[in-house]
Amino acid sequence: MHFSFLPVLAILALCHITAHADAPADTGQSIHVNSIRNPELKSYRVMAAGLDAFDDYHALAPKAREVRFQLIPGPDAPADIMQDVALRIAGSDTTINLPLSADGSFVLPRSAQADSEDADLITNKKQGQFRWQASVRSDDVPPGMRRLGDLRLQCQVTVAIAKKEIPFLIRTLIATKLRTTDWCSAGALKMGTHSDPAIASATLLDGERRVALQVKNGGTSFQAPVGDTRYADDTLIELVYKDTGDAPPASL
């Protein structure tokens with residue numbers, strides 16, 4: 001019996017970093033970023049936990065130079081949500097603008113000052129319109145492929161962030177269900193992995209074997225067997241682009 005995180009609302013952070021900071025109490029004051037009331041934001045300390053996990057588990061993907069994060073429009077976001085989107089780290093005395101790539105991805109820098117000020121990553125868009133995803137890619141992975149060790153490291157980054165955000169009781173429930181505190185090593189774990197553009201299929205290549213992986217959400221994600229120790233870290237997953245049948249370009 002396989003256990004998937006996807007049906008469990010509280011554990012969706014394992015597929016996309018979805019939890020939001022609590023909305024401020026109604027005290028007559030509001031957080032504003034470029035005149036946006038209650039903008040989309042993330043705690044810097046929470047996200048920095050992902051940087052620590054990347055360093056701690058880097059052996060899973062030694063040729064990956066960095067972990068990137070990506071703002072992914074949510075299902076209820078307007079079609080033009082990515083237009084003019086901006087992101088910055090904001091603390092009491094800290095302001096660091098974070099350049100966004102065309103796909104909404106960015107690199108989170110280390111900042112002792114942002115950490116000491118308990119700063120936030122703040123967008124100029126309203127809260128609840130994005131999912132935040134970690135992505136790890138080794139330099140030598142061919143276009144249209146994902147490497148399993150990269151996804152395992154990506155899982156460790158995402159779990160480190162999720163553990164900072166979700167309540168203790170939920171963390172205990174997950175650890176009990178998986179029978180381990182190292183969620184990404186659980187044999188039954190299949191991690192939902194975002195894909196853009198949408199894919200028609202995802203196939204794990206294990207020697208001469210081709211193992212079809214489950215594709216979900218209209219082709220925007222696939223289930224990667226990150227906890228299955230039968231497959232080495234260098235195992236590749238072949239993605240086929242939904243609209244053309246070609247392998248998609250090497251992008252986040």
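All residue numbers in this chain count up from 1 along the given sequence.
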- [ ] Kindly determine whether Q223 and K216 satisfy side-chain contact (heavy atoms from CB on, under 4.5 Å), including the steps that lead there.
- [x] CA-CA 8 Å; Q223 298 287 83; K216 305 194 72 172; 4.1 Å; yes

TODO: Answer with yes or no whether the side chains of Q113 and T94 bring together a donor and an acceptor at under 3.5 Å.
DONE: yes

- [ ] Using a 4.5 Å cut-off on heavy atoms from C-beta on, say whether the side chain of T193 contacts that of Q154.
- [x] yes

Open item on the list: Taking atom CZ as the centre, does R179 end up with more than 12 heavy-atom neighbours from other residues, nucleotides or ligands that are less than 6.0 angstrom away?
Closed with: no

Task: Contact summary for Q70 and F106, nearest pair of heavy atoms - done: N-CE2, 4.3 Å

Task: Check: N124 side chain, A86 main-chain N or O, donor-acceptor pair, under 3.5 Å - done: yes

- [ ] Kindly give the heavy-atom pair with the smallest separation between P73 and L71, and that separation in Å.
- [x] CD-O, 3.9 Å

Task: Rounded distance (nearest 0.5 Å) linking atom CZ of F130 with atom CG of L41 - done: 12.5 Å

Task: OG on S92 to CG on D118, rounded to 0.5 Å - done: 9.5 Å

Open item on the list: For D196 and T220: C-alpha separation, side-chain torsions, deciding distance, then whether side-chain contact (heavy atoms from CB on, under 4.5 Å) applies.
Closed with: CA-CA 6 Å; D196 183 18; T220 60; over 6 Å; no

Task: Straight-line distance of E238 CD to I199 CD1, nearest 0.5 Å - done: 11.0 Å

- [ ] Can you measure from CG (L169) to OG1 (T172) and round to the nearest 0.5 angstrom?
- [x] 6.0 Å

Open item on the list: Do I161 and W132 make a side-chain contact, defined as non-hydrogen atoms from C-beta onward lying under 4.5 Å apart?
Closed with: no

- [ ] Using a 4.5 Å cut-off on heavy atoms from C-beta on, say whether the side chain of L108 contacts that of I89.
- [x] yes

Open item on the list: Just to verify, which of V136, L148, D56 counts as forming a side-chain contact (heavy atoms from CB on, under 4.5 Å) with L153?
Closed with: V136

Task: Nearest non-hydrogen partners of A202 and V215, listed with the distance - done: N-CG2, 3.8 Å

- [ ] Go through the side-chain N and O atoms of D182 and T180 and say whether any donor and acceptor fall under 3.5 Å apart.
- [x] no

- [ ] Decide salt bridge (charged side-chain N to carboxylate O under 4.0 Å, His left out) for R110 and D52; before the verdict, give the C-alpha distance in whole Å, the side-chain angles of both, and the deciding distance to 0.1 Å.
- [x] CA-CA 10 Å; R110 293 278 190 181; D52 295 337; 2.7 Å; yes

Open item on the list: I'd like to check L213 versus S201 (side-chain heavy atoms, cut-off strictly below 4.5 Å). Are they in contact?
Closed with: no

Task: Polar side-chain atom of R45 near backbone of D115 as donor-acceptor pair, under 3.5 Å - done: yes

Open item on the list: Could you check whether D150 and S138, counting side-chain N and O atoms only, form a donor-acceptor pair closer than 3.5 Å?
Closed with: yes

Open item on the list: Under a 3.5 Å distance rule, please check whether Q156 uses its side chain to pair with a backbone N or O of F54 as donor and acceptor.
Closed with: no

Open item on the list: Under 3.5 Å, is there a donor on one side chain and an acceptor on the other for R68 and S135?
Closed with: no

Open item on the list: Nearest 0.5 Å, please: how far is NZ in K42 from CG in L121?
Closed with: 9.5 Å

Open item on the list: Within this structure, what is the CG-CZ distance for the pair D139 and R65, rounded to the nearest 0.5 Å?
Closed with: 4.0 Å

Task: Under 3.5 Å donor-acceptor, D103 side chain and S105 backbone - done: yes

- [ ] Using salt bridge (Lys or Arg N to Asp or Glu O under 4.0 Å) as the criterion, point out the one residue from R152, R147, R146, K63 that pairs with D234.
- [x] R147

TODO: Indicate yes or no for a side-chain donor-acceptor contact from S43 to the backbone of V46 under 3.5 Å, with no hydrogens or angles considered.
DONE: yes

Open item on the list: Using modelled atom types and a 3.5 Å cut-off, is there a donor and acceptor pairing between side-chain atoms of D120 and backbone atoms of I122?
Closed with: no

Task: I96 side chain reached by R88 side chain, heavy atoms, under 4.5 Å - done: no

TODO: Identify the heavy atoms of Y44 and S111 that sit nearest to each other, and give their distance.
DONE: OH-N, 2.7 Å

TODO: Flag this pair as yes if the NZ/CZ of K163 is under 6.0 angstrom from the six-membered ring centre of W183 and inside a 45 degree cone about the axis; otherwise no.
DONE: yes

Task: Atom of A49, atom of A160 and distance for their closest heavy-atom approach - done: O-CB, 3.6 Å

TODO: Report yes or no: does S195 contribute a side-chain atom to a donor-acceptor pair with the main-chain N or O of P197 at less than 3.5 Å?
DONE: yes

Open item on the list: Is there a side-chain contact between I237 and M145 in this structure, where contact means two heavy atoms from C-beta onward sitting under 4.5 Å apart?
Closed with: no

Open item on the list: Under the criterion side-chain contact (heavy atoms from CB on, under 4.5 Å), I'd like the reasoning laid out for F69 against T158: C-alpha separation, chi angles, the key distance, then a yes or no.
Closed with: CA-CA 10 Å; F69 297 97; T158 307; over 6 Å; no

Task: Heavy-atom pair with the smallest gap, counting every atom of P109 and L98 - done: CD-CD2, 3.5 Å

